[in-house]
Amino acid sequence: MIKKAIGASVASLMLLSVPAWAEWNPDRPVEFVVASGAGGGSDNFARTIQSVLTRNKLIDKPIVVLNKGGGSGAEAFLYGKQNKADPSKLIFATNNAYLLPHVAKLAYSVSDLQPVAALAMDEFIVWVKADAPYKTITDLTDAAKAEPGKIVFGGSQSKDVDETLVALIEDAAGVDFKYVPFNGGGEASVQLAGGHITANTNNPNENIGQWQAGAIRPLCVVSAQRMAKSEPIQGEMGWQDIPTCKEQGLNIDSYQMPRTVWMPAETPPEAVAFYQQALKAVFDSPEWQDYLTKTSQTGTFLTGDDLKTFVNDSETKTVAVFKEQGWSTE
């Protein structure tokens, strides 16, 4: 992984004209196709990048954002397939680009797309109500052992990232939870604050309001290391004060959801290289660092073999869970 960094050399790149990066340049308006509805995490991801590119004149053609979130994002990926080799189409997604075909019969496969870059990772935190008796993830899994199938976890959608993580926790701890899907992470956080579910696995940004209000609290973050230092969120506690789940005895090294950019298959390599340069400049901009801070995401820039390795590893591990749970269509 290439961790975020702002250096003088990158700052100078921001001042270069677009033609200095590569021989290829867009010759028509560029479409940012978002694999979700307006207002969601992927939409915010795409529009932040659009803003930085436009404000810093890193692309000299208009950029139009199109939301195609039907079928959990499949609409956007099918659009990519239909526009094979078109260098004016960029698709903004998460891991759904390569995982959806494993849980639903769709008219596209990941081979119809090609990865361009990843710019951030969503971390996942196990949350409980503020007055819950559980102080660690072990307390929660011990309760689940005592009452199999009774402890209720909420999350966004079914057979998606949240339910997959709950399945991983069940497997690692040898327990059985009851999973209840909601329309999104925001709804799951409201249900937890109201005491209608026992826990959820939301990312930081979707639960921060309820934590600030003192309605919920974090048990642990499913990451190899603690999150970056922040100002206090609740009392004197900031993101860096949340222990990792592994620190508390849960044998899961890490679980992250990437924020990814794709293009149609067979797009000319010089076009892909151009956008990778542009996205790297975005990643190293002050505006992007502000975005990461506001959303509590981990800055990670991946392209080429690094990105392919991440995707392959993520796909292999997640599909194993799909098959174990009986979700796989293969």
Are any side-chain N or O atoms of [X] and backbone N or O atoms of [Y], one a donor and one an acceptor, separated by less than 3.5 Å?
X      : Y      : answer
Gln256 : Ser223 : no
Ser189 : Gly186 : yes
Asp284 : Ala281 : no
Asp43  : Gly41  : no
Thr260 : Thr94  : yes
Gln50  : Ile63  : yes
Thr309 : Asp306 : no
Glu163 : Lys159 : yes
Thr141 : Thr138 : yes
Asn83  : Tyr79  : yes

Check: [X]/[Y] side-chain N/O donor and acceptor closer than 3.5 Å:
X      : Y      : value
Thr298 : Glu123 : yes
Trp239 : Ser296 : yes
Asn200 : Asn207 : yes
Glu287 : Asn56  : yes
Gln297 : Tyr291 : yes
Asp60  : Asn25  : no
Arg226 : Thr244 : no

Aromatic contact, Trp262 with Tyr275 (centres under 6.0 Å):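 Judged by ring-centre distance (under 6.0 Å), Trp262 and Tyr275 do not meet the cut-off.
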Tyr179 ring center within less than 6.0 Å of Phe153 ring center: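 For Phe153 and Tyr179, the ring centres are not under 6.0 Å apart.
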Cationic tip of Lys81 above Tyr108 ring, under 6.0 Å, 45° of axis: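 No, a cation-pi geometry is absent between Lys81 and Tyr108.
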Nearest heavy-atom neighbours spanning [X] and [Y]:
X      : Y      : answer
Ala35  : Ala93  : CB-CB, 4.2 Å
Asp86  : Lys89  : OD2-NZ, 3.2 Å
Glu31  : Leu66  : OE1-CD1, 3.4 Å
Met263 : Pro87  : CE-O, 3.6 Å
Thr48  : Asn44  : OG1-O, 2.8 Å
Trp288 : Val282 : CB-O, 3.0 Å

Would you call [X] and [Y] a side-chain contact if the rule is heavy atoms closer than 4.5 Å?
X      : Y      : value
Leu168 : Val321 : yes
Phe32  : Ile49  : yes
Arg47  : Val34  : no
Glu147 : Lys178 : no
Asp112 : Lys84  : no

Intermediate values then yes/no, salt bridge (charged side-chain N to carboxylate O under 4.0 Å, His left out), Asp253 and Lys246: CA-CA 7 Å; Asp253 290 326; Lys246 196 158 189 178; 2.2 Å; yes
In the single-linkage hydrophobic clustering (I, L, V, M, F, W, Y; side-chain heavy atoms under 4.5 Å), do [X] and [Y] co-cluster?
X      : Y      : answer
Phe77  : Met257 : no
Val221 : Trp127 : yes
Phe310 : Ile91  : yes
Ile137 : Met227 : no
Ile59  : Phe45  : yes

Please table the atom pairs, donor to acceptor, closer than 3.5 Å between any side-chain atom in residues 322-330 and protein atoms at least two apart or in another chain.
from: Ser328; atom 1: OG; to: Glu330; atom 2: N; distance (Å): 3.1
from: Thr329; atom 1: OG1; to: His102; atom 2: O; distance (Å): 3.4
from: Glu330; atom 1: OE2; to: His102; atom 2: ND1; distance (Å): 2.5

Reference residue Leu219; test side-chain contact (heavy atoms from CB on, under 4.5 Å); the match among Ile125, Leu250, Leu140: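 Single side-chain contact (heavy atoms from CB on, under 4.5 Å) partner of Leu219 among Ile125, Leu250, Leu140: Leu140.
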Residues forming a side chain to side chain contact (heavy atoms under 4.5 Å, CB included) with Ala117, sequence neighbours excluded: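 With sequence neighbours excluded, Ala117 shows a side chain to side chain contact (heavy atoms under 4.5 Å, CB included) to Leu119, Leu279, Phe301, Thr303, given in chain and number order.
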Exceeds 12 heavy-atom contacts within 6.0 angstrom, atom CG of Asp305: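 No, CG of Asp305 has 12 or fewer neighbouring heavy atoms, counting only those of other groups under 6.0 Å.
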